[in-house]
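Inspection log for the structure reproduced underneath, given as structure tokens.
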Amino acid sequence: MAYANPCPYASRHIWLPEDVCERFAKSFGLTYDNMTDLYVINDTMHRQMIELDPSVTISLGETSDPTKHVNIVLPYGAFDVQASYPYYKDAMNYFPLRRGKNETQYTLGRAVLQEMYVIADYSRGEFRVHQALFPGTNEKQQITPIYVPGEEPQSDPTPNGTANGTTTSPPSTASTRHEISAGAIGGIVVGSVAGLGLLGFLVIFLLCRSQNQPGAVTSQADSERSVTHSSNSHRLASEMLSPDTPSYYECEASIPGYHSTQEKMMYISEVDGASRMYELEPQTVIHELGPSDRKSDATGAIETKPAPDLGKKAH
Amino acid sequence: MGLRHAFFLLSFCFSVTIAANDSLPQPFSFSNSQVWDGNDGYWSSFMVRVGTPEQTFRVLPASRHGETIIPIAEGCLKMRNAPSDCGKLRGAYAFQGKDSNGFIVNGTKSWHEIGLYEMGIRPEIGFDANALYGLDTVGLQVANSGGPTIDRMVVAGVAEPTVFVGQFGLSPKPSNFSELESPQPSFLQSLRDEKQIPSVSYGYTAGAYYSKCKIHTRAAIH
């Protein structure tokens with residue numbers, strides 16, 4: 001059944017291919033509920049998960065070279081969510097995982113952004129992903145300014161000048177920052193939960209259709225920096241509310257909780273295949289992060305050459 | 001270039017250990033609303049002010065566009081089975097002493113209407129909504145807290161619950177409307193053009209309710 005309903009697309013969840021979802025289900029003891037399209041977890045398993053606190057590592061990189069990956073580690077807490085009315089009468093523990101019907105739906109939604117710090121530098125055409133840090137409340141925030149190349153302050157020799165604060169949200173302890181396109185390959189590793197006799201390491205690679213060619217990205221960024229941003233085009237509409245707007249509670253079926261905690265449409269984090277990734281960025285970023293044969297259409301959507309059935313045509 | 005020369009002229013009498021980047025704008029640290037919203041208490045939002053006088057909303061950041069999307073009053077008023085605190089649930093703060101159902105177009109003097117348009121959220125999967133677009137003053141954070149305010153920014157008032165709470169667009173992409181000749185700049189680009197931020201970038205993380213300190217969302221706009 002085509003997933004075409006007018007209710008909010010819950011990008012607070014992680015949308016993955018069904019077989020990948022099933023592997024999660026096996027590892028975490030989840031049960032797929034046909035009615036709500038949610039993966040629920042019973043109380044026993046939930047308790048055990050809280051105790052064991054398994055973690056999921058999402059490995060993001062432009063190529064399959066693991067040394068060039070950024071690993072985002074998510075503790076079980078990031079997945080410990082509840083759904084109530086109108087999904088279930090009483091609050092039910094579930095796992096924020098959804099079956100993507102096709103690759104345009106594959107998404108690393110808000111659940112992942114809880115542990116991810118993203119930096120979008122449109123001046124350089126770079127997109128960076130880091131493990132988010134959780135500083136204590138009395139730690140003073142320090143922000144390292146991002147300047148347009150060529151406009152950096154000349155006299156300040158160190159980037160850690162006290163006048164402007166020092167680094168914050170630094171890269172994860174896992175070394176240097178990687179400028180990556182998170183859309184190329186996602187490797188999802190389920191931490192071993194030996195005690196429950198679950199599968200050990202599950203390595204699931206989501207290979208991007210486009211089969212990115214590594215290399216030669218930086219030079220392209222230079223030449224593309226002057227490219228103007230594509231724009232967000234709107235088409236005229238005839239009415240504010242469509243006649244078959246579902247009632248409030250019907251719509252809630254796709255969002256946990258009483259009211260639509262309408263997920264931030266943080267598309268930058270919705271790494272659902274390279275096509276999606278590159279759709280979300282202006283041209284400068286695309287060319288920084290992807291192979292040279294990407295082109296954009298009028299709405300700024302980027303099509304990757306070898307991906308024939310994206311269906312993301314300009315409307 | 002010009003800024004630096006001006007600085008050296010002015011600093012003629014002063015110690016040159018003052019960092020030269022006094023003349024460059026600083027990144028803006030976008031404070032969050034400090035509210036854990038939602039029945040499951042997991043989402044952490046930001047506040048934006050729209051219009052004159054200001055109507056305030058809690059919104060979530062979006063990367064796909066550079067517009068300010070807010071719920072419009074008509075939405076809660078016409079929604080079937082809308083809860084009594086519909087506006088509040090959609091992130092609308094009280095306006096002029098009364099609970100708000102959403103953005104009231106007639107309540108702002110600085111609104112320049114563009115028209116009714118498709119939002120173009122995710123048409124490829126049949127997920128979209130229409131909104132009333134216009135230009136109005138948009139400010140970040142609660143009033144008088146140092147958050148930047150820019151006039152004539154693209155604002156979209158959405159009634160449909162498909163976009164239940166508002167969004168603040170972080171993309172530098174301008175917006176095109178057939179009724180208007182030129183593309184309308186985004187908030188991020190406008191901040192840069194007005195030299196309020198040093199580049200066109202941002203950093204963002206969603207915040208984690210489950211973390212020990214219940215870390216809120218954070219964003220820095222450069």
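Computation of the quantities below employed the complete heavy-atom set of this structure, encompassing side-chain atoms and omitting hydrogens, waters and symmetry-equivalent molecules. The sequence lines fix the lettering, A, B, ..., with proteins before strands; numbering per chain opens at 1.
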Heavy-atom proximity to chain A below 4.5 Å, by part of B:F168 = neither
note = Given B:C76, B:A131, B:S201, the one with more heavy-atom pairs under 4.5 angstrom with chain A than any other is B:S201
query = Non-hydrogen atoms of chain A under 4.5 Å away: do they reach the side chain of B:I197, the backbone, both or neither?
reply = neither
inquiry  = Is a donor from one side chain sitting under 3.5 angstrom from an acceptor on the other, for A:Q82 and A:N93?
reply    = yes
inquiry  = Quick check on B:R90 against chain A: is it the side chain, the backbone, both or neither that has a heavy atom closer than 4.5 Å?
reply    = neither
message = Looking at B:K78 and A:E239, is there a salt bridge between them, counting it only when a charged N and a carboxylate O are closer than 4.0 Å?
response = no
task = For each of B:S178, B:A219, B:S199, tally heavy-atom pairs with chain A at distances under 4.5 Å, and name the one with the top tally.
result = B:S199
inquiry  = Does any backbone or side-chain atom of B:I69 lie under 4.5 Å from a heavy atom of chain A? Answer side chain, backbone, both or neither.
reply    = neither
ask   = Can you name the ring pair (Phe, Tyr, Trp, His ring centres under 6.0 Å) partners of A:Y76, sequence neighbours left out?
value = none
query = Quick one: which of B:H65, B:R64, B:E67 gives a side chain to side chain donor-acceptor pair (under 3.5 Å) with A:N232?
reply = B:E67
message = Does this structure show an ion pair linking A:E152 with A:R124, if we count only N-O contacts that are shorter than 4.0 Å?
response = yes
